Amino acid sequence: MPNIRKRKTDRGVPLPLLQRASNEVQEGKSVRAVAKSHDICHVTMYRFHKKRLRLESQGSKSPQRVGYWTQKVFSTEQEMLLRDYLMEAADLYYGLSSKEVGLHN
């Protein structure tokens, strides 16, 4: 029952490439020039560099996250409990529709 999302595209910029480009910006090069040389969108480059500077000023040493991600609503254990409950309800002829469960879009 847990949803395992498969990526359909390969868009996004890898973290090591953004870090190398951000280092060049810190050396004094312009964001647009660095972004163009690395074939990165200049807005993406600017946002990454700004976030990196903010995290460094706060003393954070953990690498920042990049790309697209989704937030899980239920943990795997909670999904299993919900699945078991719905299966038990269906066995007792009290099956709930997807609308009642909230699975419809």
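In this text, all values refer to a predicted model and were calculated from it rather than measured experimentally. We're numbering straight along the sequence, starting at 1.
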Considering residues at least two apart in sequence or located in another chain, which fulfil the side-chain contact (heavy atoms from CB on, under 4.5 Å) criterion with Ser57? none
Quiz: residues 41-48 side-chain donor-acceptor pairs under 3.5 angstrom, not counting sequence neighbours:
| unit_1 | atom_1 | unit_2 | atom_2 | d |
| --- | --- | --- | --- | --- |
| His42 | NE2 | Arg32 | NH2 | 3.4 |

Exceeds 12 heavy-atom contacts within 6.0 angstrom, atom CD of Glu88: no
Can you tell me how far the CG atom of Leu82 sits from the CD atom of Glu79, to the nearest 0.5 Å? 8.0 Å
Counting only pairs under 3.5 Å, give me each side-chain donor-acceptor contact of residues 13-24, with atom names and distances, residues two or more places apart or in other chains.
| unit_1 | atom_1 | unit_2 | atom_2 | d |
| --- | --- | --- | --- | --- |
| Ser22 | OG | His49 | ND1 | 2.7 |
| Ser22 | OG | Arg52 | NH1 | 3.1 |
| Asn23 | OD1 | Arg52 | NH1 | 3.0 |
| Asn23 | OD1 | Arg52 | NH2 | 2.9 |
| Asn23 | ND2 | Gln19 | O | 3.3 |
| Glu24 | OE2 | His38 | NE2 | 2.9 |

Give the intermediate values and the outcome of side chain to side chain contact (heavy atoms under 4.5 Å, CB included) for residues Arg54 and Lys50. CA-CA 6 Å; Arg54 183 172 33 90; Lys50 187 169 105 174; 5.9 Å; no
CG on Asp91 to CG on Leu86, rounded to 0.5 Å: 11.0 Å
